[in-house]
Amino acid sequence: MDASRAGHWQEAWAAAGLAHGRRVAGHRKFYALVAYPGPSGFLHVGHLRGFAYTDPLHRYHRMLGEEVLFPMGVHASGLPAVTWSRRLRDGDPAILQGLEERGVDASTRARLEDPEEAARFLGREYLRVFRRFGALIDESTFVTTVDDDYRAFIRWQFRALNEAGALVKGTHYSPVCPVCGPVAVDASETDLQSGGDADVVRFSTIPFPLEDGRVLLAATLRPETVYGVTNLWVAPGETLVVWHHESGNYLAARPGAERLVEQHGGRIGHEVPAHDLVGREVTVPFRGTKVPILETPVVDLSIGTGVVMSVPAHAPMDAAALDALPPADREKVGDPPVLIDVGPREAWTASEEELNVGEGSPAQRALRAVGVHDLADAAALQEATERLYRLEFVRGRMTVPSLSGVPVRLARERVVDQLRGEGPCFELQEFTKPVICRNGHAVVIRRVPDQWFLHYSDPAWKAETKSLAARVTTWPVEYGRELPSILDWFGDRPCTRRGVWLGTRFPLDPEWIIEPIADSTFYPAYFVVRRFVSEGRLRLEDLTDAFFEFVFRGREPGEPRVDRALLEEVRAEFLYWYPLDFNVGGKEHKRVHFPVFLYTHARLLPPELQPRGIYVHGWVTGPGGSKISKKETSTKAGRIRPTDQAMEEWGPDALRLYYVTVASPSQDFEFDPTGVEAALTRLGDIERLVREAAGTGEGPPELDAWLESATHTWVKRARGAFDATDLRTAAEIVYVEVPRLLRRYYARGGLPGHVTDRLARAWTLFLSPITPHLAEELGEGRFEGLVAQSRLPAPEEYRLSPDAEAREEFLDRVEDDLRSVLRASEGRGDWAPGEAIFYVADPWKRTLETWLRESVDRKETPTVRDVMARVKDHPELSAHRAEIPKYVERVGPLVRAEPVPEGPRIDEAATLRAAEAYLVRRFGFGSVAVYPESEAAPHDPKGRRDRARPGRPAFYLVGRPSPGP
RNA sequence: GCCGGGGUAGCCGAGCGGCCAAAGGCGGCAGACUCAAGAUCUGCUCUCGCAGGAGUACCCAGGUUCAAAUCCUGGCCCCGGCACCA
């Protein structure tokens, strides 16, 4: 098919209004959507994956005669569009090029510097791309989350949730860009320039008082090791600052002090050179002993507070730093106490064992195991630290008297509680690596008081949601198993933010903007209303709380301003499309979007209107399995194509087929252009086969009966696969098995005629869900209207012929046997098959096999003795008494592993004779002869006829001198 | 650590008790077509075998079963999530 024809068919579908979802009383409906994309850049082929599953499902249901609705919107909330428009303003070359390619003029471009306009523009752009991909999206549903009507809907949603007790207030720590406002730190780096893979670590601070009343504040991840402190570390030549907090004066490095101010308030005072502190002593909490302050270059000012408590027995870093000290300093530090025991050796894994060999403190052993020789060997030190921390966290128990036997993880909590009891103890949160926002500023973690939360920890709400989750069908099923535990740990989530974000003002406090995840949980319901808005039948001022309460929840009186008939029509429309059949999204939604989507539906709607299905797909990755983001689209030329380029190169159908067949939907896969090309080639084959199949004549009757019967079978299986939403199996049948079937029909001597024509007709229809453009191209002239709006055939339209199918299966088995013999003789240059003589099993063997089958079905092992006992009552077998034991011994074990024979009995000899010409052609035999086993003796020089079994004739291939090389 | 998913032929990736030496694709080999290349078509692609067979195989070690890539147990290793990112 000429790729340029795709656009032609897309226009034809549009002209026929195929995408427009209609409510037809008495008709079943199908309502599914793809979780809407965020407007963060231009799309690449990876973004099409969800549509490659969803659109075929819609098309399948349409071809069953159901009414379907496929909506789409854009999730403009948050920073993505803000960032994109800012980059545009700053002249980002990739964006400018993208706009130029799309023919955007200068005045439009200027308008896009407004983030909301940018979001709408990108949304339209996505719509164009999905349309070009062949997706039949109802464009009257198209909405962005920054449209005024959507905002009205969200305000209602939050008031409704509040009324339902779903909102609470509290305190919260959150990543914030000091300039741009709150950001999300995650691997997809939607809001970030870098650092999306950073973790948040939570240090505990431990106060070490100097004699003068000032306090050095050490930060640690292992507060329980305070019992093993031998000294404090500061960085040589650096400076600390005083952090004034309430009545305390704490010494810490500036970066840490700044974080403390963000998270706990207070202010930063004057500087104190670290050197002035070196050699002085501080008091260790709990123990009351004094330890010295020493210098080591290992201390990194940017981590924690820049003041480190030294625990040489358990921290490899400290042990190594201690060894590097001048002897005079070294002596000031006593022997480090060991605080933790890691239990019996038997429990260790090999790598744990390795960490524990030899003498010395745990830290010294770890240093040795990893091979750290030098304080400068940062990577090795890091490894030793991680391994030892892990081992002690998992297996360690405290040995200090006050915590004797307590597991490390519990001891950690107790020590922190104790510290709190004795005075101020601050938690200090920070990122494991620098996090830079989209606009280049360093992101910090800040305390947010009076934060609004969605009360997801509410036991009653959680229980309702879990009960919904148990009813929802998930693809893959594994996700359904995961859901309960995801919901279990789902706690309250902040749902409002401040900053330069796009979103809807929070109705209970307009100072705040609703957080992006929280405003996209119930939108499948809004699409239904949006159609009335975009058609001009509802105005913004009609969208009141009373209106939504009536439409979504049936609560009277409804909005009096809206005409009662219209009000009821919108309600009816909602009740028609709801519940949602599928929410389709990538695996990144498993822990955030899908759970909150369930939560919201569980709270706002009764069970019969709650969602029915969630479909999770994996990612399309770049080389090496990395996820690709939209911002990489234009920079990464090469394997990952921007959508338009891909569509020009291969057309939408090849891509669609590629996505459906390349891997299981839940798997990630690496995008591979050669795979798309293979799909394109396959479609070319199919196109040719369908065109060649046209005809009106008759083929050989047995073959025609077989092909028609086989068509019955594949139609049934294909429908079954689509019904089970198993697109992959459906595609395998339609795109692999059917062409193979047709080729075999021709190879067997069939000819294009009315049976192939009927097959091609059914085939064309079944090509439509996954490769709709090709289907239209092939259906042109063959069907009245568009293929996409035709009905799929039912299996019953094709007559079953069990006899014909059994004959072909029989022949297939014979060919397998012939091939395995011929393969063995392949290497022999001096031999080639001449005549093929077949020996068909005598009827008594069939009786015998029936008996063998019976004993296998009774879970018994067939024995010669049992069989011989039974022969007495069967005179027709007595004549073969001599052969029976050998046969039972040979065939008995085989029967068990074979499938239960089904289908009618056929005349094997006649079938072989009828296939003579085929066998001669296929295997190069000189001639073919067929004998019943009992008459074969004169023609059986090698004594092969004994091998004959029912359904598996014996044969002898008479050699002839090969023509030679 | 906890939760979830995995480890399948040269590679990607299906299969998840018996028609499994294991789909499909890529790569490789041979043949057809061609002046040739490419494209396309046909066949082959674990080892051995001059007869439909045998031997090894689906991370490792055990086990259940007449039968295990598939089920169970125990290892080893890998990936994702562990919170504010549709």
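Reminder, nothing fancy here: chain letters follow the sequence lines and each chain counts from 1.
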Report which part of the nucleic acid [X] touches: base, sugar-phosphate, or nothing (heavy-atom distance under 4.0 Å, all strands).
{"X": "Ala679(A)", "answer": "nothing"}
{"X": "Arg952(A)", "answer": "nothing"}
{"X": "Pro516(A)", "answer": "sugar-phosphate"}
{"X": "Tyr658(A)", "answer": "nothing"}
{"X": "Arg949(A)", "answer": "nothing"}
{"X": "Pro595(A)", "answer": "nothing"}

If we take the [atom1] atom in both [N] and [M], what is their distance in whole Å?
{"N": "rC20(B)", "M": "rG28(B)", "atom1": "C1'", "result": "23 Å"}
{"N": "rU42(B)", "M": "rC50(B)", "atom1": "C1'", "result": "25 Å"}
{"N": "rC46(B)", "M": "rC29(B)", "atom1": "C1'", "result": "15 Å"}
{"N": "rC79(B)", "M": "rA21(B)", "atom1": "C1'", "result": "29 Å"}
{"N": "rA30(B)", "M": "rC66(B)", "atom1": "P", "result": "48 Å"}
{"N": "rA67(B)", "M": "rG74(B)", "atom1": "P", "result": "23 Å"}
{"N": "rA83(B)", "M": "rA57(B)", "atom1": "C1'", "result": "44 Å"}
{"N": "rG1(B)", "M": "rU70(B)", "atom1": "C1'", "result": "30 Å"}

> Quick one: is Thr674(A) getting a side-chain N or O under 4.0 Å of the rG27(B) phosphate, OP1 or OP2?
Replying inline: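 Thr674(A) to rG27(B) OP1/OP2: no side-chain N or O under 4.0 Å.
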> Looking only at N and O atoms, is any donor in the side chain of Arg819(A) or the base of rG52(B) less than 3.5 Å from an acceptor on the other one?
Replying inline: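 A donor-acceptor contact between them is absent.
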Flag the pair [X] / [Y] as yes when their ring centroid distance falls below 6.0 Å, and as no otherwise.
{"X": "Phe522(A)", "Y": "Tyr526(A)", "result": "no"}
{"X": "Tyr658(A)", "Y": "Phe671(A)", "result": "yes"}
{"X": "Phe669(A)", "Y": "Trp619(A)", "result": "no"}
{"X": "Tyr599(A)", "Y": "Tyr456(A)", "result": "yes"}

For nucleotides 14-18 of chain B, list the nitrogen or oxygen atoms of the protein found under 3.5 Å from its nitrogen or oxygen atoms, one pair per line.
residue : atom : partner   : partner atom : Å
rA14(B) : OP1  : Ser664(A) : N            : 2.8
rA14(B) : OP1  : Ser664(A) : OG           : 2.9
rA14(B) : O2'  : Arg728(A) : NH1          : 3.3
rG18(B) : O2'  : Ala897(A) : O            : 2.3

From the options [options], select the nucleotide whose nearest atom is closest to the side chain of [X].
{"X": "Val592(A)", "options": "rA51(B), rC85(B), rG4(B)", "result": "rC85(B)"}
{"X": "Arg740(A)", "options": "rA23(B), rG4(B), rC84(B)", "result": "rA23(B)"}
{"X": "Ser820(A)", "options": "rC84(B), rG52(B), rA23(B)", "result": "rG52(B)"}
{"X": "Glu515(A)", "options": "rC84(B), rG24(B), rG52(B)", "result": "rC84(B)"}
{"X": "Val821(A)", "options": "rG52(B), rG25(B), rG5(B)", "result": "rG52(B)"}
{"X": "Leu957(A)", "options": "rG24(B), rU42(B), rA51(B)", "result": "rA51(B)"}
{"X": "Asp685(A)", "options": "rG81(B), rC84(B), rC41(B)", "result": "rC41(B)"}
{"X": "Phe955(A)", "options": "rC85(B), rC41(B), rG52(B)", "result": "rG52(B)"}
{"X": "Glu478(A)", "options": "rG52(B), rC85(B), rG6(B)", "result": "rG6(B)"}

> With Glu835(A), which residues qualify under salt bridge (charged side-chain N to carboxylate O under 4.0 Å, His left out), at least two apart?
Replying inline: none
>> Applying salt bridge (charged side-chain N to carboxylate O under 4.0 Å, His left out), can you list everything that pairs with Asp147(A), at least two apart in sequence or on another chain?
In response: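 Listed in chain order: Arg120(A), Arg530(A).
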> Ile486(A) and Lys590(A): which non-hydrogen atoms are nearest, and at how many Å?
Replying inline: CD1-O, 3.7 Å
>> I'd like to know if Arg945(A) pairs up with Glu933(A) as an ion pair, taking the criterion as any Lys NZ or Arg NE/NH1/NH2 lying under 4.0 Å from an Asp or Glu carboxylate oxygen.
In response: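 No, Arg945(A) and Glu933(A) are not salt-bridged.
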Opposite nucleotide pairing with [N], Watson-Crick or G-U, both atom distances under 3.5 Å:
{"N": "rG74(B)", "answer": "rC60(B)"}
{"N": "rU34(B)", "answer": "none"}
{"N": "rC20(B)", "answer": "none"}
{"N": "rC29(B)", "answer": "rG43(B)"}
{"N": "rG80(B)", "answer": "rC3(B)"}

>> Checking Thr145(A) against Asp519(A) for the side-chain hydrogen bond (donor to acceptor under 3.5 Å, both in side chains) test, could you report, in this order, the C-alpha distance in whole Å, the side-chain angles of both residues, the deciding distance, and whether it holds?
In response: CA-CA 8 Å; Thr145(A) 56; Asp519(A) 78 359; 4.5 Å; no
>> Pick the closest RNA chain B nucleotide for His75(A) and for Gly491(A) by heavy atoms, then say which residue is nearer the 5' end.
In response: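 This one resolves to Gly491(A).
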> In terms of the nearest nucleotide of RNA chain B, which residue is placed more toward the 5' end: Arg743(A) or Tyr523(A)?
Replying inline: Arg743(A)
